[in-house]
Amino acid sequence: MPQFRQRSFIGVEPVGTPHFAIAISEHRAIAMPGGPFVVRPYVDLRTLALQGRLTPEELSIAGSARALSEWHANCRHCGHCGAATDMKDGGWRKKCFGCGKDFFPRTDPVVIMLVTHGEKCLISHEPRFKDYDVRLFSTLAGFLEPGEDIEHAVRREVKEEVGLEVGAVRYQESQPWPFPHSLMIGCVAEAKSAQLTLDPSEIAEARWVDRAELQLIMQKRHPEQIVAPGKHAIAYKLLMAFLQG
Ligand SMILES: [Zn+2]
């Protein structure tokens, strides 16, 4: 087993199994004696998550490891004085060699919201979604800005992306999404009207669907081959909650 200098301590399971994260690129692993055998096969965690192949517990452990590793890779120098940083507290803190400033891993909050109007909900297709044989439609989402609360972020994002005024906003549930370090905050937002004005840089297409049409989408039987995100995603849970009333 090659020696890896930088290891992060992820935690201990109730049964006593400890978990550590080792950040290593495929390129570095190949160059290392015995490396390819230690880290093979190379599988992207996001792909595993999207395929729903990990339990929530496994995804949580692997997600912490990935988020921490990503942070270490991007925080090698102090943003204040530029000196190198050193890993502390099992990888959960970095300290600057120069000015002594401490840095902690970051989490970026993202609001993801199901917008409803009467008996319909809004689904949208983003320009970045690739069209293959099917067309992916999801709920709206966007990053919280500094100084915002969750409700304000929901109202602002909905207004910016589809031009709708939103009334009541209700928090539903959240999900860590460590790609690289987001926390998805799932909400339901009631639109005051149904008239859409899209921001084409963010949203390629948006449409209101009733429960009958949403049912076809969730069952992958929609006549226009519209599909929704898979079971792993909080968008799926928001859409299913609406479908089930
Ligand atoms: Zn510094």
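Read the numbers this way: they start at 1 and go in the same order the structure lists the ligands and their atoms.
Classification of the F20-F9 ring pair by plane angle, with boundaries at 30° and 60°, yields tilted.
Protein N/O/S atoms closer than 2.8 Å to the Zn ion (ligand 1), listed by chain and residue number, are C78 SG, C81 SG, C96 SG, C99 SG.
Across I150, L140, T139, V158, a single residue satisfies side chain to side chain contact (heavy atoms under 4.5 Å, CB included) together with C187, and that is I150.
Scanning for ring pair (Phe, Tyr, Trp, His ring centres under 6.0 Å) contacts around W71 gives an empty result, with sequence neighbours left out. The ring pair (Phe, Tyr, Trp, His ring centres under 6.0 Å) test applied to F97 returns no partner, not counting sequence neighbours. Legend: residues meeting side-chain contact (heavy atoms from CB on, under 4.5 Å) with A141, ordered by chain and number and at least two apart, are V110, I112.
Taking the ring centre of F242 as origin, the terminal cationic atom of R211 falls inside the region bounded by 6.0 Å and 45° from the ring axis.
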